[in-house]
**Student:** 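Got a structure here, written out as structure tokens. Questions coming.
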Number of protein chains: 4
Amino acid sequence: MAEKLSFCVNIESPIAVYVQIENQVQFAIASGRLKPGDTLPSVREMSGMLNINPNTVTKAYRDLELLQLVHTRRGVGVTVADKAPKICKDTTVAMVKLHLIDAVAECMASGLNTNEVRKVVSETIDAKTAPYQPAKRK
Amino acid sequence: MAEKLSFCVNIESPIAVYVQIENQVQFAIASGRLKPGDTLPSVREMSGMLNINPNTVTKAYRDLELLQLVHTRRGVGVTVADKAPKICKDTTVAMVKLHLIDAVAECMASGLNTNEVRKVVSETIDAKTAPYQPAKRK
Amino acid sequence: MAEKLSFCVNIESPIAVYVQIENQVQFAIASGRLKPGDTLPSVREMSGMLNINPNTVTKAYRDLELLQLVHTRRGVGVTVADKAPKICKDTTVAMVKLHLIDAVAECMASGLNTNEVRKVVSETIDAKTAPYQPAKRK
Amino acid sequence: MAEKLSFCVNIESPIAVYVQIENQVQFAIASGRLKPGDTLPSVREMSGMLNINPNTVTKAYRDLELLQLVHTRRGVGVTVADKAPKICKDTTVAMVKLHLIDAVAECMASGLNTNEVRKVVSETIDAKTAPYQPAKRK
DNA sequence: GTGGTCTAGACCACT
DNA sequence: GTGGTCTAGACCACG
């Protein structure tokens, strides 16, 4: 059973709240913070924690179920599926790499200096040991 | 007059088509491929080239006008503003840096190895001398 | 473009309305009544036709999108994906066969006469050339 | 006293577990495997056998009592009612026929070949002499 | 005109 | 106590 799980959403973000939740769960599974059999916070618990509507959480959990990352059982709760880690590693890693490639390509296309790109990368790597913070992308 | 300008959009992308156009114009200005006085493709030309609705192009050009990056004059077309390069460098660089930071943070959150992150960055830097390709971000 | 598409739901059924919609779309694709590129009725149109809440239709369409059976584009509509027929045939046929096997097994388990089973099957085959009517299963 | 009664439930099924139990008891009565006066497994025994919550078994037995198919007596257990076979045959046969009709209709709606339908039916009839296995219906 | 997102709240089903 | 479904209605984004 997972002990400490912190989730957060940025309600200002153009990224839909339910997508932010889905991503954080996927990242938690991919990084091993959530393991097969672990129970996610209940819909009511999560919605209270994030101060959002329960339906929004429900939507996220349903999507995760369709992706076969979790199992939902009425009266029981939502648990991480056995094959979730594999699926997550297969897809999540590919996705974040793509994002990284896109971001670097953007930097190059906008004329940024190569050294500056590397410097930003290094600084971010050093800073990020903390849990995932949802992006504020435009 | 700009000689060769290639634009492309990914209609499947969750990023709005008109935003993709705006970004590409901004990048072109920031990197010097578009200079003050250059004329953008006409709405009709651009929409035909990209096979999209003319309204979408119009919306992008309107936004660029609001950002004071271009001037629209009836019977003449849409031309790059004198102060556009300065504005673009100020804002575009900040934006792409943010994207880069987000992307690296994502990689860390999903448990990617630090060395792997640096490797992807290096490879992308080496590969990207070509014009900007719109992201396929999820 | 699909000309005539009749959909219907049974609001009394224990099967969720949005699932009934999903099934009917899948069946329509599997049987060729809906082809790649065809546009589904708009959310508002469908909800009016079936006299249900638009959100219910939205839910069904989102699921179909996650199953990669349709493409949704804001301002455009929902269209059948190119690979939808293949996916549908692969999964839908397997599903309905399973249902049939289950139903026959049920009949046997409840002591029904073999001849009677065949008779019911034949009668239903003869009767069913009409469009799919959602089940009233208990 | 019934000698050998095998029950099984599919916890993944969208059909409620207690409904699966009810159906199996009904089928057992309809087919004569359970006769008036026979004792059902105790709640504790059944819940242990199926590895489910005792409350779920209790609910199933309570429903069967409401249907007048069984009698529950403290200190004695749950026994099949005298009139159970008649009731079961009247209702169960109607129900399974309906399911069969639905399943065949589904096959037709999804474009399945008529001959294939008959083939699946025949194969299932030949195969099914074994006790009822709960459906995995979607 | 499309669909997307979120809220609020009701009622149901299951354990 | 869990989650599931549906409704009603608001506001936004896109073409």
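Below, all heavy atoms of this structure are taken into account, side chains as well, without hydrogens, waters or symmetry copies. Lettering of chains follows the sequences in order, A, B, ..., and the numbering in each one begins at 1.
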**Student:** Is any N or O donor-acceptor pair between the side chain of Arg44(C) and the base of dG3(E) shorter than 3.5 Å?
**Tutor:** yes
**Student:** Given the structure, check if the side chain of Asn55(A) and the base of dG3(F) hold any donor-acceptor pair shorter than 3.5 Å.
**Tutor:** no
**Student:** What is the nucleic acid contact for Tyr61(A), judged by heavy atoms within less than 4.0 Å: base, sugar-phosphate only, or nothing?
**Tutor:** nothing
**Student:** Please determine which of Thr79(D), Val78(D), Val80(D) meets the side-chain contact (heavy atoms from CB on, under 4.5 Å) test together with Thr39(D).
**Tutor:** Thr79(D)
**Student:** Distance check needed: dG3(E) P versus Ile21(C) CD1, whole Å only.
**Tutor:** 13 Å
**Student:** Measure from CZ on Arg62(C) to C1' on dC6(E) and round the result to the nearest Å.
**Tutor:** 12 Å
**Student:** Between Thr56(C) and dT7(F), is there a contact of a side-chain N or O with OP1 or OP2 at under 4.0 Å?
**Tutor:** yes
**Student:** When you measure from the side-chain N and O atoms of Tyr18(B) to the phosphate of dC14(F), is any distance below 4.0 Å, counting only OP1 and OP2?
**Tutor:** yes
**Student:** How about Ile52(D) and Ile21(D): do any of their side-chain heavy atoms sit closer than 4.5 Å?
**Tutor:** yes
**Student:** Nearest 0.5 Å, please: how far is CZ in Arg33(A) from CZ in Phe27(A)?
**Tutor:** 9.5 Å
**Student:** Mind calculating the distance between CG (Asp63(C)) and P (dG4(E)) to the nearest angstrom?
**Tutor:** 12 Å
**Student:** Could you give the CD1-to-P distance, from Ile52(A) to dT5(E), as a whole number of Å?
**Tutor:** 14 Å
**Student:** So does Ser42(A) get a side-chain nitrogen or oxygen closer than 4.0 Å to the phosphate oxygens (OP1/OP2) of dT2(F)?
**Tutor:** yes
**Student:** Starting at CE of Met46(A) and ending at P of dT2(F), how long is that distance when rounded to a whole Å?
**Tutor:** 14 Å
**Student:** Rounded to whole Å, please give me the gap between CD in Glu12(C) and C1' in dT5(F).
**Tutor:** 15 Å
**Student:** Can you tell me the distance, in whole Å, between the CG atom of Asn53(D) and the C1' atom of dA13(E)?
**Tutor:** 14 Å
**Student:** Below 4.5 Å, heavy atoms only, C-beta onward: do Gln26(B) and Asn23(B) meet side chain to side chain?
**Tutor:** yes
**Student:** What I'd like to find out is whether the side chain of Asp63(C) reaches to under 4.5 Å of the side chain of Arg62(A), using heavy atoms alone.
**Tutor:** yes
**Student:** With both distances under 3.5 angstrom, what nucleotide forms a Watson-Crick or G-U wobble pair with dC14(E)?
**Tutor:** dG1(F)
**Student:** From the set dG3(F), dC6(F), dT15(E), return the single nucleotide nearest to any side-chain atom of Thr72(A).
**Tutor:** dG3(F)
**Student:** Nearest nucleotide by nearest heavy atom, which residue falls closer to the 5' end of DNA chain F, Val76(C) or Ile11(C)?
**Tutor:** Ile11(C)
**Student:** Let me spell it out: for each of Gly75(A) and Gly77(C), pick the nucleotide of DNA chain E with the closest heavy atom. Which residue's pick is nearer the 5' end?
**Tutor:** Gly77(C)
**Student:** Measure the distance from NZ on Lys59(A) to C1' on dG4(F) and round it to the nearest whole Å.
**Tutor:** 15 Å
